[in-house]
2 protein chains.
Amino acid sequence: MSSQNPKGPKSALFAGFAEVAKALGQGHRLEILELLAQSERSVEVLAERAGLSIANASQHLRLMRRAGLLVSRRDGKRILYGLSDPAVLDLMAALRRVAERNLAEVREVIGGYFHERDALEPVGRRELARRLKDGLVTVLDVRPEDEFGTGHLPQAINIPLRELTSRLRELPRDREIVAYCRGPYCVLAFEAVALLRRRGFRIRRLEDGYPEWKAAGLPVAQDRR
Amino acid sequence: MSSQNPKGPKSALFAGFAEVAKALGQGHRLEILELLAQSERSVEVLAERAGLSIANASQHLRLMRRAGLLVSRRDGKRILYGLSDPAVLDLMAALRRVAERNLAEVREVIGGYFHERDALEPVGRRELARRLKDGLVTVLDVRPEDEFGTGHLPQAINIPLRELTSRLRELPRDREIVAYCRGPYCVLAFEAVALLRRRGFRIRRLEDGYPEWKAAGLPVAQDRR
DNA sequence: TCATCATTCAATCAATATATTGAATGATTG
DNA sequence: CAATCATTCAATATATTGATTGAATGATGA
């Protein structure tokens, strides 16, 4: 067998597992993965969102595809990348969990940056789903428009963070608002909560983001394919 | 804040998560982690088991401790390393799951090496626990003696793989045997099953290993601290 | 208090990873 | 069928990682 490692199947397996972990072992790649957790995307868009050159983004994507984290397909003249499997989301979540518990540096960032911007408890998925069904809450999606378009929470209104200050009148002052974005540590929702609290809105943050909501099997809406 | 990344909290978090993933991104380190999932161990023992020089093993251990995967404590004149948290086991399991589903190389090794040695379905944890309670099965632990000593399945008998051929008379021929070792892809149990089947024993493999059994909250036994 | 010895550190070299540039590819679409 | 253009490849420079050697550390235990 061609892939048979000279050191035997044990080493070959560890090497295989390590290849997957290596693919996760770079900040830019994790950022790309978070973006792809929202929906599939072209190389160009990913490069722009992650602040990379196109060639560099392409390299990272190829590496992650080889590691089995991503799949790609052609759509017209662009290639769309996407997560290969929901299990990749679980892997990212497990990684976050270990890092947030055991890595001093991560705990520091979370404690120093995030908590001061969100003293209140975030809202859990289940709780939000219940209150949403009862019509008791307004859901605010602060991701960019295109990410919202490919999938969002039901009845959510989309105001990207950058436009928030100029579109305050679209938000209710008599109901609680729940903001969300890409994931548990996506800064967009934190910033939105901080900004809107200062303006007197009643707003909390969803404990995680759209991909986790969707993966949990909760209902989602979609504007366009 | 000293760890404040110039590119903001988003990059700092991704970098932190990446540090954990990097620590998992090397075959020798994954092997060390599998060993530490059995029980805490000194640098010397880990180096020997993983086939590394002591200085090299020490370097890998330091890196993983920094990434929050391990903790160390002094015991007499040696330093014992151990997993920092059960969440590390979950992370390793998530890594295996993605690799075995999506990485062609891993699927090939599993298909080519493991399946031909274990055509039968492995036994699940719950099923084994039930049959063990009813006294219907003999459990065989093929790990080295010291790993067995620090923790094993109840009523398991310990015959390290290397001694198996010379100690066949200790095994029953009238009852089913279930063999296990360090984890889902630990080769020891696969080899034991193959060897004993050829000798006419009725034997199957536990679907995973001792750390998973223990983490699932099932009963364990211990001979010495 | 001091000799011991497991572990860590420091220095080095080879190997690998990352980012940049510019050219090549190749499927699409008019 | 040819022009277009998103993506990939190739080549390069720099940075990081991994393994080895030998010396330094420092807590133990006599």
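Chain letters run A, B, ... following the sequence lines, proteins first and then strands; every chain starts at 1.
Checking C:dA19, D:dT28, C:dT8 against the side-chain heavy atoms of B:Arg74 singles out D:dT28 as nearest. In the set C:dT7, C:dT18, D:dT21, C:dT18 carries the atom at the smallest distance from any side-chain atom of A:Gln26. With distances taken from any side-chain atom of B:Glu44 to the nucleotides D:dG18, C:dA6, D:dT7, the minimum falls on C:dA6. Taking only side-chain atoms of A:Arg62, from C-beta outward, the nucleotide of D:dC9, D:dT7, D:dT21 with the closest atom is D:dC9.
Judged by a 6.0 Å distance limit and a 45° cone about the ring axis, B:Arg143 is positioned over the six-membered ring of B:Tyr210.
Contact annotation: B:Gln59 does not reach the phosphate of D:dT21 (side-chain N/O to OP1 or OP2, under 4.0 Å). At least one side-chain nitrogen or oxygen of B:His28 sits closer than 4.0 Å to the OP1 or OP2 atom of D:dA19. OP1 and OP2 of D:dA6 both lie 4.0 Å or more from every side-chain N or O belonging to A:Tyr81. Listed pair B:Ser58 / C:dT7 fails the phosphate criterion, with no side-chain N or O lying under 4.0 Å from OP1 or OP2. In this model, the phosphate group of D:dA19 is not approached by any side-chain N or O of B:Ser53 to a distance below 4.0 Å at OP1 or OP2. Look at B:Arg29 and you'll find a side-chain N or O under 4.0 angstrom from OP1 or OP2 of D:dG18.
Atom pair A:Lys22:NZ and D:dG18:C1' shows a separation of 10 Å (rounding to whole Å applied). Atom P of nucleotide C:dA10 and atom CD1 of B:Ile54 are separated by 19 Å, given to the nearest angstrom. For the pair A:Ile79 CD1 and C:dA27 C1', the computed distance is 9 Å after rounding to whole Å. D:dT17 atom C1' lies 15 Å from atom CE of B:Met64, rounded to whole Å. The CZ atom of B:Arg78 sits 11 Å away from the P atom of C:dC5 (whole-angstrom rounding). Here the C1' atom of nucleotide C:dC9 and the CG atom of B:Asn56 are 14 Å apart, to the nearest Å. In this entry the distance linking CD of A:Glu19 with P of C:dT16 reads 13 Å, nearest Å. If you measure from atom CG of A:Leu80 to atom P of D:dA6, you get 13 Å, rounded to the nearest angstrom.
Remark: B:Arg162 does not engage B:Glu145 in a salt bridge, criterion side-chain N to carboxylate O under 4.0 Å. With respect to the salt-bridge test (charged N to carboxylate O, under 4.0 angstrom), the residues A:Arg167 and A:Glu170 qualify. Here B:Arg49 pairs with B:Glu147 in a salt bridge; the nearest charged N to carboxylate O distance falls below 4.0 Å. A salt bridge is absent between A:Glu191 and A:Arg198; no separation between the charged side-chain nitrogens and carboxylate oxygens falls under 4.0 Å.
Place A:Lys77 and B:Gly25 on DNA chain D by their nearest nucleotides, and A:Lys77 ends up nearer the 5' end. Take the nearest nucleotide of DNA chain D for A:Leu61 and for B:Gly76: the residue whose nucleotide is more 5' is A:Leu61.
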